[in-house]
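Inspection log for the structure reproduced underneath, given as C-alpha coordinates.
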Amino acid sequence: MHIDTQLSELGTAPEEFGGVVNMPPCRASTILFKNLKDFEAGERGEWPLPTYGRYGNPTQVALEEALAKLCKADHAIVTASGLAAIVAGISSCVSAGDHILVTDAIYGPARRYCDHELKKFGVEVTYYDPTIGGGIASLIQKNTKLVYVESPGSLTFEMQDVPAIAAAAHKAGALVMADCTWATPLFFDAHAHGVDIIMHSATKYIAGHSDLVMGVLACKAQLYKGLLRTVRNLGACPAADNCALALRGLRTLSLRMARHQESGLKVAHWLKARPEVAQVLHPALPGAPGHDLWKRDMTGTPSLFSAWLKPINHASLEKFFDSLHHFGLGYSWGGFESLAIPCKLDKVRTACPTQKDFGPLIRFHIGLENVEDLIGDLEKGFGRL
Ligand SMILES: Cc1ncc(COP(=O)(O)O)c(C=O)c1O
(Lines give C-alpha, C1' and ligand atoms only; values in the text may rest on other atoms or scores of the structure.)
Protein backbone atom coordinates (compact mmCIF):
# COMPACT_ATOMS: atom_id res chain seq x y z
CA MET A 1 0.00 0.00 0.00
CA HIS A 2 1.31 3.48 -0.85
CA ILE A 3 2.22 5.53 2.20
CA ASP A 4 -0.52 8.10 1.45
CA THR A 5 -3.15 5.35 1.52
CA GLN A 6 -1.68 3.95 4.73
CA LEU A 7 -1.86 7.38 6.34
CA SER A 8 -5.56 7.57 5.46
CA GLU A 9 -6.50 4.07 6.53
CA LEU A 10 -4.27 3.02 9.42
CA GLY A 11 -5.65 3.28 12.94
CA THR A 12 -9.33 3.46 12.06
CA ALA A 13 -12.02 1.04 13.26
CA PRO A 14 -15.43 2.36 12.10
CA GLU A 15 -17.01 -1.06 12.58
CA GLU A 16 -16.29 -0.86 16.33
CA PHE A 17 -17.53 2.70 16.80
CA GLY A 18 -20.90 2.91 15.04
CA GLY A 19 -19.35 3.71 11.66
CA VAL A 20 -17.46 6.76 12.92
CA VAL A 21 -14.52 7.32 10.58
CA ASN A 22 -12.13 8.67 13.22
CA MET A 23 -11.09 6.79 16.33
CA PRO A 24 -12.78 8.55 19.23
CA PRO A 25 -10.62 9.36 22.27
CA CYS A 26 -11.38 6.48 24.66
CA ARG A 27 -10.65 8.19 27.98
CA ALA A 28 -10.06 5.46 30.50
CA SER A 29 -8.82 4.50 33.91
CA THR A 30 -10.98 1.46 34.75
CA ILE A 31 -11.46 -1.13 32.03
CA LEU A 32 -14.07 -3.79 32.84
CA PHE A 33 -13.59 -7.53 32.25
CA LYS A 34 -16.56 -9.71 31.26
CA ASN A 35 -15.81 -12.42 33.82
CA LEU A 36 -13.27 -13.70 36.35
CA LYS A 37 -11.60 -15.94 33.75
CA ASP A 38 -10.71 -12.89 31.63
CA PHE A 39 -9.67 -10.90 34.70
CA GLU A 40 -7.34 -13.70 35.77
CA ALA A 41 -5.89 -13.88 32.26
CA GLY A 42 -5.15 -10.17 32.68
CA GLU A 43 -3.48 -10.83 36.04
CA ARG A 44 -1.21 -13.39 34.34
CA GLY A 45 -0.36 -10.90 31.57
CA GLU A 46 -2.18 -13.05 29.02
CA TRP A 47 -5.01 -10.67 28.13
CA PRO A 48 -4.43 -9.21 24.64
CA LEU A 49 -6.00 -5.79 25.36
CA PRO A 50 -5.11 -3.03 27.82
CA THR A 51 -6.26 -3.92 31.34
CA TYR A 52 -6.00 -0.45 32.88
CA GLY A 53 -5.98 3.08 31.52
CA ARG A 54 -2.29 3.56 32.22
CA TYR A 55 -1.56 0.57 29.98
CA GLY A 56 -3.61 1.92 27.09
CA ASN A 57 -7.05 2.17 25.57
CA PRO A 58 -8.47 1.46 22.08
CA THR A 59 -7.36 4.88 20.75
CA GLN A 60 -3.80 4.32 21.94
CA VAL A 61 -3.75 0.79 20.52
CA ALA A 62 -4.95 2.08 17.13
CA LEU A 63 -2.25 4.76 17.11
CA GLU A 64 0.44 2.28 18.13
CA GLU A 65 -0.55 -0.16 15.40
CA ALA A 66 -0.50 2.62 12.82
CA LEU A 67 2.91 3.89 13.97
CA ALA A 68 4.40 0.38 13.98
CA LYS A 69 3.44 0.00 10.31
CA LEU A 70 4.76 3.45 9.38
CA CYS A 71 8.06 2.74 11.17
CA LYS A 72 8.23 -0.71 9.46
CA ALA A 73 8.56 -2.18 12.96
CA ASP A 74 6.78 -5.07 14.66
CA HIS A 75 5.56 -2.90 17.53
CA ALA A 76 5.24 0.72 18.58
CA ILE A 77 4.59 2.11 22.05
CA VAL A 78 3.46 5.68 22.61
CA THR A 79 4.59 7.60 25.67
CA ALA A 80 3.73 10.78 27.54
CA SER A 81 6.45 12.78 25.73
CA GLY A 82 9.37 12.34 23.40
CA LEU A 83 11.69 12.69 26.38
CA ALA A 84 9.77 9.93 28.19
CA ALA A 85 10.38 7.69 25.16
CA ILE A 86 14.12 8.47 25.30
CA VAL A 87 14.26 7.80 29.05
CA ALA A 88 12.34 4.53 28.73
CA GLY A 89 14.33 3.37 25.71
CA ILE A 90 17.72 3.97 27.32
CA SER A 91 16.67 2.69 30.76
CA SER A 92 15.37 -0.54 29.29
CA CYS A 93 18.87 -1.34 27.96
CA VAL A 94 21.11 -0.59 30.94
CA SER A 95 21.85 -1.60 34.53
CA ALA A 96 24.31 -0.21 37.09
CA GLY A 97 27.87 -0.81 35.87
CA ASP A 98 26.99 -0.58 32.17
CA HIS A 99 28.33 1.97 29.71
CA ILE A 100 26.58 3.78 26.87
CA LEU A 101 27.86 5.86 23.97
CA VAL A 102 25.82 8.95 23.21
CA THR A 103 26.10 11.36 20.30
CA ASP A 104 27.37 14.76 21.37
CA ALA A 105 24.52 16.32 19.37
CA ILE A 106 21.78 14.60 21.40
CA TYR A 107 18.66 16.64 22.19
CA GLY A 108 19.66 18.79 25.20
CA PRO A 109 17.15 17.64 27.84
CA ALA A 110 17.98 14.00 26.98
CA ARG A 111 21.60 14.84 27.73
CA ARG A 112 20.52 16.19 31.11
CA TYR A 113 18.78 12.84 31.81
CA CYS A 114 22.04 11.03 30.96
CA ASP A 115 24.16 13.35 33.10
CA HIS A 116 21.90 13.63 36.12
CA GLU A 117 19.79 10.48 36.33
CA LEU A 118 21.67 7.74 34.47
CA LYS A 119 24.99 8.55 36.11
CA LYS A 120 23.28 8.63 39.52
CA PHE A 121 22.22 5.02 38.93
CA GLY A 122 25.76 3.94 38.09
CA VAL A 123 25.64 3.99 34.30
CA GLU A 124 28.72 5.41 32.60
CA VAL A 125 28.07 7.78 29.68
CA THR A 126 30.59 8.75 26.99
CA TYR A 127 29.69 11.42 24.45
CA TYR A 128 31.15 10.94 20.98
CA ASP A 129 31.66 13.14 17.93
CA PRO A 130 28.47 12.62 15.84
CA THR A 131 30.54 12.33 12.65
CA ILE A 132 32.66 9.47 14.03
CA GLY A 133 31.10 6.80 11.78
CA GLY A 134 32.73 3.37 12.04
CA GLY A 135 35.40 4.93 14.29
CA ILE A 136 32.92 4.40 17.12
CA ALA A 137 34.46 0.91 17.43
CA SER A 138 37.43 2.43 19.26
CA LEU A 139 35.13 3.82 21.99
CA ILE A 140 33.23 0.61 22.63
CA GLN A 141 34.04 -0.99 25.97
CA LYS A 142 33.33 -4.47 27.31
CA ASN A 143 30.35 -3.07 29.24
CA THR A 144 28.93 -0.93 26.40
CA LYS A 145 25.28 -1.89 26.07
CA LEU A 146 23.92 0.87 23.87
CA VAL A 147 24.99 3.31 21.19
CA TYR A 148 22.60 6.25 20.95
CA VAL A 149 22.37 8.17 17.68
CA GLU A 150 20.44 11.22 16.50
CA SER A 151 20.87 11.96 12.82
CA PRO A 152 20.94 14.75 12.04
CA GLY A 153 21.84 16.07 15.47
CA SER A 154 19.97 18.69 17.47
CA LEU A 155 20.81 22.33 16.66
CA THR A 156 23.90 21.59 14.54
CA PHE A 157 22.42 18.96 12.19
CA GLU A 158 25.41 16.65 11.78
CA MET A 159 24.45 13.60 9.74
CA GLN A 160 25.65 10.32 11.21
CA ASP A 161 26.80 7.25 9.32
CA VAL A 162 24.18 5.12 11.06
CA PRO A 163 24.87 1.83 9.22
CA ALA A 164 28.60 2.06 10.03
CA ILE A 165 27.88 2.85 13.69
CA ALA A 166 25.31 0.05 13.87
CA ALA A 167 27.71 -2.47 12.34
CA ALA A 168 30.38 -1.64 14.96
CA ALA A 169 27.83 -1.69 17.81
CA HIS A 170 26.31 -4.98 16.77
CA LYS A 171 29.73 -6.57 16.34
CA ALA A 172 30.36 -5.77 20.00
CA GLY A 173 26.92 -6.98 21.11
CA ALA A 174 25.53 -3.48 21.80
CA LEU A 175 22.14 -2.20 20.72
CA VAL A 176 21.51 0.96 18.68
CA MET A 177 18.82 3.45 19.61
CA ALA A 178 18.05 6.36 17.31
CA ASP A 179 16.10 9.59 17.74
CA CYS A 180 14.47 9.70 14.31
CA THR A 181 12.20 12.66 15.01
CA TRP A 182 13.71 14.89 12.31
CA ALA A 183 13.25 12.46 9.44
CA THR A 184 9.78 11.27 10.57
CA PRO A 185 8.87 7.68 9.67
CA LEU A 186 8.45 8.90 6.07
CA PHE A 187 12.03 9.83 5.18
CA PHE A 188 14.22 7.30 7.03
CA ASP A 189 13.82 3.52 7.23
CA ALA A 190 15.59 3.16 10.58
CA HIS A 191 15.52 -0.65 10.92
CA ALA A 192 16.93 -1.02 7.39
CA HIS A 193 19.88 1.16 8.50
CA GLY A 194 20.65 -0.97 11.55
CA VAL A 195 18.66 0.80 14.29
CA ASP A 196 17.23 -1.51 16.97
CA ILE A 197 15.15 0.98 18.96
CA ILE A 198 13.45 3.73 16.96
CA MET A 199 12.38 6.83 18.84
CA HIS A 200 10.23 9.76 17.69
CA SER A 201 8.90 12.82 19.42
CA ALA A 202 5.34 12.70 18.04
CA THR A 203 5.02 16.23 19.39
CA LYS A 204 6.71 17.42 16.20
CA TYR A 205 5.67 16.54 12.63
CA ILE A 206 3.64 13.42 13.49
CA ALA A 207 1.03 15.33 15.49
CA GLY A 208 1.92 18.42 13.51
CA HIS A 209 -0.28 21.06 15.12
CA SER A 210 1.67 22.21 18.20
CA ASP A 211 -1.13 21.14 20.50
CA LEU A 212 0.23 18.07 22.28
CA VAL A 213 3.34 16.37 23.65
CA MET A 214 3.96 12.67 22.94
CA GLY A 215 6.70 10.15 22.21
CA VAL A 216 7.04 6.91 20.25
CA LEU A 217 9.26 3.85 20.61
CA ALA A 218 9.25 1.25 17.83
CA CYS A 219 11.13 -2.01 17.63
CA LYS A 220 11.24 -5.59 16.38
CA ALA A 221 9.44 -8.35 18.31
CA GLN A 222 12.44 -9.46 20.39
CA LEU A 223 12.87 -6.09 22.15
CA TYR A 224 9.19 -5.30 22.62
CA LYS A 225 8.52 -6.94 25.98
CA GLY A 226 11.50 -5.29 27.66
CA LEU A 227 10.62 -1.85 26.29
CA LEU A 228 6.97 -2.19 27.22
CA ARG A 229 7.85 -3.26 30.75
CA THR A 230 10.06 -0.20 31.26
CA VAL A 231 7.50 2.22 29.78
CA ARG A 232 4.83 0.75 32.06
CA ASN A 233 7.05 0.80 35.13
CA LEU A 234 7.80 4.47 34.49
CA GLY A 235 4.09 5.26 34.27
CA ALA A 236 4.81 7.32 31.17
CA CYS A 237 1.49 6.88 29.37
CA PRO A 238 -0.09 9.46 27.03
CA ALA A 239 -3.64 10.80 27.29
CA ALA A 240 -6.35 9.31 25.06
CA ASP A 241 -7.21 12.75 23.67
CA ASN A 242 -3.63 13.21 22.56
CA CYS A 243 -3.68 9.78 20.87
CA ALA A 244 -6.78 10.84 18.91
CA LEU A 245 -5.09 14.11 17.91
CA ALA A 246 -1.92 12.29 16.85
CA LEU A 247 -4.02 9.95 14.69
CA ARG A 248 -5.56 13.03 13.09
CA GLY A 249 -2.07 14.39 12.49
CA LEU A 250 -1.15 11.24 10.59
CA ARG A 251 -3.89 11.87 8.01
CA THR A 252 -2.04 14.89 6.63
CA LEU A 253 1.55 13.95 7.47
CA SER A 254 2.63 13.25 3.91
CA LEU A 255 0.95 16.39 2.53
CA ARG A 256 2.45 18.56 5.24
CA MET A 257 5.92 17.07 4.81
CA ALA A 258 5.85 17.78 1.07
CA ARG A 259 5.11 21.45 1.79
CA HIS A 260 7.63 21.64 4.67
CA GLN A 261 10.27 20.12 2.40
CA GLU A 262 9.68 22.53 -0.47
CA SER A 263 9.45 25.67 1.66
CA GLY A 264 12.32 24.67 3.96
CA LEU A 265 14.69 24.16 1.04
CA LYS A 266 13.60 27.42 -0.56
CA VAL A 267 14.36 29.38 2.61
CA ALA A 268 17.64 27.50 3.13
CA HIS A 269 18.80 28.35 -0.41
CA TRP A 270 17.78 31.97 0.12
CA LEU A 271 19.65 32.16 3.42
CA LYS A 272 22.76 30.63 1.86
CA ALA A 273 22.91 33.55 -0.58
CA ARG A 274 22.54 36.23 2.10
CA PRO A 275 25.63 38.30 2.98
CA GLU A 276 24.70 38.16 6.72
CA VAL A 277 24.86 34.34 6.77
CA ALA A 278 28.15 32.47 7.27
CA GLN A 279 26.90 28.88 6.85
CA VAL A 280 23.58 27.05 6.53
CA LEU A 281 23.35 23.70 8.34
CA HIS A 282 20.69 21.87 6.34
CA PRO A 283 21.76 18.34 5.34
CA ALA A 284 19.52 18.33 2.25
CA LEU A 285 21.16 21.47 0.89
CA PRO A 286 23.81 20.56 -1.72
CA GLY A 287 27.24 21.42 -0.36
CA ALA A 288 26.07 21.54 3.27
CA PRO A 289 27.82 19.33 5.86
CA GLY A 290 26.45 15.78 5.79
CA HIS A 291 24.71 16.17 2.44
CA ASP A 292 26.19 12.95 1.00
CA LEU A 293 24.99 10.87 3.96
CA TRP A 294 21.56 12.50 3.78
CA LYS A 295 21.36 11.65 0.08
CA ARG A 296 22.46 8.08 0.71
CA ASP A 297 20.19 7.31 3.67
CA MET A 298 17.10 9.50 3.52
CA THR A 299 14.31 9.92 1.03
CA GLY A 300 13.22 13.45 1.84
CA THR A 301 13.76 16.34 4.19
CA PRO A 302 11.75 18.20 6.77
CA SER A 303 12.11 21.94 7.32
CA LEU A 304 14.18 22.23 10.50
CA PHE A 305 17.71 23.55 10.09
CA SER A 306 20.14 26.12 11.46
CA ALA A 307 22.26 28.92 10.11
CA TRP A 308 25.38 30.54 11.52
CA LEU A 309 25.27 34.29 11.07
CA LYS A 310 28.41 36.36 10.63
CA PRO A 311 29.49 38.04 13.88
CA ILE A 312 27.05 40.70 15.14
CA ASN A 313 26.47 42.23 18.53
CA HIS A 314 23.63 41.21 20.84
CA ALA A 315 21.65 44.40 20.25
CA SER A 316 21.54 43.60 16.52
CA LEU A 317 20.44 40.04 17.23
CA GLU A 318 17.68 41.41 19.40
CA LYS A 319 16.58 43.74 16.60
CA PHE A 320 16.51 40.82 14.17
CA PHE A 321 14.33 38.60 16.37
CA ASP A 322 12.05 41.34 17.58
CA SER A 323 11.27 42.49 14.06
CA LEU A 324 10.12 39.05 12.85
CA HIS A 325 6.39 38.87 12.39
CA HIS A 326 5.72 35.43 10.87
CA PHE A 327 8.45 33.55 12.76
CA GLY A 328 7.49 32.85 16.36
CA LEU A 329 10.14 32.79 19.08
CA GLY A 330 9.53 29.57 21.00
CA TYR A 331 10.61 25.97 21.56
CA SER A 332 9.58 22.87 19.65
CA TRP A 333 9.04 22.47 15.91
CA GLY A 334 7.17 20.31 13.41
CA GLY A 335 3.90 22.23 13.73
CA PHE A 336 2.18 24.37 11.10
CA GLU A 337 3.89 27.54 12.26
CA SER A 338 7.32 28.94 11.51
CA LEU A 339 9.73 29.42 14.39
CA ALA A 340 13.22 30.82 14.92
CA ILE A 341 15.35 30.61 18.05
CA PRO A 342 18.94 31.53 18.91
CA CYS A 343 20.95 28.46 20.00
CA LYS A 344 23.59 28.15 22.70
CA LEU A 345 25.92 25.18 22.43
CA ASP A 346 28.21 25.71 25.41
CA LYS A 347 26.22 23.49 27.80
CA VAL A 348 25.23 20.79 25.30
CA ARG A 349 28.53 19.82 23.68
CA THR A 350 31.56 18.21 25.28
CA ALA A 351 33.04 15.83 22.68
CA CYS A 352 33.50 18.22 19.79
CA PRO A 353 34.49 21.87 19.69
CA THR A 354 31.70 24.36 19.04
CA GLN A 355 32.24 26.71 16.12
CA LYS A 356 33.92 29.88 17.41
CA ASP A 357 34.59 31.99 14.29
CA PHE A 358 30.99 32.68 13.39
CA GLY A 359 28.34 34.87 15.01
CA PRO A 360 25.11 33.55 16.50
CA LEU A 361 23.55 30.22 15.52
CA ILE A 362 19.84 30.42 14.68
CA ARG A 363 17.54 27.42 14.32
CA PHE A 364 14.68 27.82 11.87
CA HIS A 365 11.53 25.78 11.52
CA ILE A 366 9.73 26.54 8.28
CA GLY A 367 5.99 26.11 8.67
CA LEU A 368 3.11 25.92 6.26
CA GLU A 369 2.72 29.66 5.63
CA ASN A 370 3.32 31.14 2.18
CA VAL A 371 7.06 30.89 1.66
CA GLU A 372 7.39 34.32 0.06
CA ASP A 373 5.82 35.86 3.16
CA LEU A 374 8.42 34.04 5.26
CA ILE A 375 11.33 35.16 3.11
CA GLY A 376 9.97 38.71 3.20
CA ASP A 377 9.89 38.52 6.99
CA LEU A 378 13.52 37.38 7.17
CA GLU A 379 14.55 40.04 4.67
CA LYS A 380 12.96 42.66 6.91
CA GLY A 381 14.76 41.15 9.92
CA PHE A 382 18.12 41.26 8.16
CA GLY A 383 17.34 44.85 7.18
CA ARG A 384 17.18 45.67 10.91
CA LEU A 385 20.72 44.34 11.39
C1 LIG B 1 15.23 15.93 18.41
C2 LIG B 1 14.28 15.90 19.55
N3 LIG B 1 14.09 14.74 20.20
C4 LIG B 1 13.26 14.66 21.27
C5 LIG B 1 12.58 15.76 21.71
C6 LIG B 1 11.71 15.63 22.93
O7 LIG B 1 10.38 15.57 22.58
P8 LIG B 1 9.21 16.06 23.56
O9 LIG B 1 9.23 17.54 23.57
O10 LIG B 1 8.01 15.43 22.93
O11 LIG B 1 9.50 15.48 24.90
C12 LIG B 1 12.71 16.98 21.05
C13 LIG B 1 11.95 18.18 21.50
O14 LIG B 1 12.19 19.29 21.11
C15 LIG B 1 13.59 17.05 19.95
O16 LIG B 1 13.81 18.21 19.31
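Positions are given from 1, in the same order as the sequence printed here. Atoms within each ligand, like the ligands themselves, are counted from 1 in listed order.
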Mark yes or no for whether [X], through its side chain, and [Y], through its backbone, hold a donor-acceptor pair below 3.5 Å.
X: T59; Y: C26; result: yes
X: E158; Y: S151; result: no
X: H282; Y: A284; result: yes

To the nearest 0.1 Å, how far is [atom] from its closest protein heavy atom, and which atom is that?
atom: atom 3 (N) of ligand 1; value: D179 OD2, 2.6 Å
atom: atom 6 (C) of ligand 1; value: Y107 CE2, 3.3 Å
atom: atom 10 (O) of ligand 1; value: T203 OG1, 2.5 Å
atom: atom 13 (C) of ligand 1; value: K204 NZ, 2.8 Å

Please report the interatomic distance CG(D297) to CG(D292), rounded to the nearest 0.5 Å.
10.5 Å

Rounded at 0.5 Å granularity, tell me how far NZ in K380 sits from CG in L385.
13.0 Å

At a non-hydrogen distance cut-off of under 4.0 Å, which region of L83 contacts ligand 1 (side chain, backbone, both, or neither)?
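Both of them.
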
Please determine if E150 has a nitrogen or oxygen closer than 3.5 Å to a nitrogen or oxygen of ligand 1.
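For ligand 1, there is no N or O atom that lies under 3.5 Å from one belonging to E150.
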
Nitrogen or oxygen of G82 less than 3.5 angstrom from that of ligand 1
yes

If you count the atoms of ligand 1 from 1 in the order shown, which ones are under 4.0 Å from a heavy atom of [X]?
X: S81; result: 10 (O), 11 (O)
X: M214; result: 10 (O)
X: V213; result: 10 (O)

Are R363 and F305 in a cation-pi setup, meaning NZ or CZ lies under 6.0 angstrom from the ring centre and within 45 degrees of the ring axis?
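Pair R363/F305 does not count as cation-pi.
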
Is it true that the NZ or CZ of R232 lies under 6.0 Å from the centre of Y55's six-membered ring and within 45 degrees of the ring axis?
yes

Just to verify, which of F321, W308, F327 counts as forming a side-chain contact (heavy atoms from CB on, under 4.5 Å) with I362?
F321

Heavy atom to atom 7 (O) of ligand 1, shortest distance: which of A80, S154, S201 holds it?
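Looking at heavy atoms only, the winner is S201.
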
Check for me whether W333 has a heavy atom closer than 4.0 Å to any atom of ligand 1.
yes

